[in-house]
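Worksheet: the structure to be examined is printed underneath.
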Amino acid sequence: MRVISVIMAGAVVASCTSGPQPPPMRSAEKQQEFQQLMTGKVAGAPISCLPHYQSGDMRIIDDQTIIFRDGNRRSYLAHMAGGCTNLTSGSYALVTRQYGNADLCRGDIARVVDTLNGFTVGSCVFGDFVPYVRQGS
C-alpha cells in the first residue's frame, strides 16, 4: 500500500511539471521587426531593473518577448514568464503598476487587459532585461 502511495505521489508531481517551453510563434512582420531592432547590436550583461525613463518605447514582439527601445543605439530585451497570451492582438494591452520606485524590475507582474471590455485576461512576470547596444558609429 505504501509503495502505491509513493508511486501515486510521484505521478502527481510529474504531472505538474512542464517540459521546455516551445519557442513563441511570431508573424513574419514581427520577426522582421525583431531583426530590425536587433541587427548590428551586441548583447550586454543582463540587468534586473530598467529605469522608467528607458521604458517608454515598448515593442511587443510575441507573447513572451518585449523590446524596450532607448533611441536607435540601445534596446532592452525582456522575456516574460506566465500567461501573456494574445499580446500581439490589437485589442489587448500590457499594463504594469509601479510600487516604490518607478523602474520595471525582474519579478514585476504585468496584466494583460482586453482594452475593449476592460477585463484582465492574463498576467505574466518580467524576467531580466538584456541590453543590446549598437557597436561603432
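None of these values were measured; they are calculated from a predicted model.
Residues Arg106 and Asp108 are not paired through a salt bridge, judged by the lack of any N-O separation under 4.0 Å between the basic side chain and the carboxylate.
Between the side chain of Gln135 and the backbone N or O of Val133 there is at least one donor-acceptor pair closer than 3.5 Å.
Screening Ile60, Val113, Val121 against Tyr92 for a side-chain contact (heavy atoms from CB on, under 4.5 Å) leaves a single residue, Val121. When each of Thr96, Leu104, Ile67, Ile66 is tested with Met58 by the rule side-chain contact (heavy atoms from CB on, under 4.5 Å), just one qualifies, namely Ile66.
The neighbour count for Gln36 CD, taken as heavy atoms of other residues, nucleotides or ligands under 6.0 Å away, does not exceed 12. No more than 12 heavy atoms of other residues, nucleotides or ligands sit less than 6.0 Å from atom CG of Asn72.
No side-chain heavy atom of Asp62 sits under 4.5 Å from any side-chain heavy atom of Lys30. Using a 4.5 Å cut-off on side-chain heavy atoms (C-beta onward), Phe68 and Leu50 make contact. Contact of the Arg74 side chain with the Tyr132 side chain is not registered, since no non-hydrogen atoms from C-beta on lie closer than 4.5 Å. Side-chain contact between Leu94 and Leu87: present, with at least one pair of heavy atoms (C-beta onward) separated by less than 4.5 Å. With a 4.5 Å cut-off on side-chain heavy atoms, Cys84 and Val125 do not count as touching. Using a 4.5 Å heavy-atom threshold, the side chains of Asp70 and Ser75 count as separate. The closest side-chain heavy-atom distance from Phe34 to Leu77 is below 4.5 Å.
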Practice task
Go through the steps to decide whether Thr120 and Arg111 satisfy the test side-chain hydrogen bond (donor to acceptor under 3.5 Å, both in side chains), and finish with yes or no.
Solution key: CA-CA 6 Å; Thr120 298; Arg111 296 182 303 126; 2.6 Å; yes

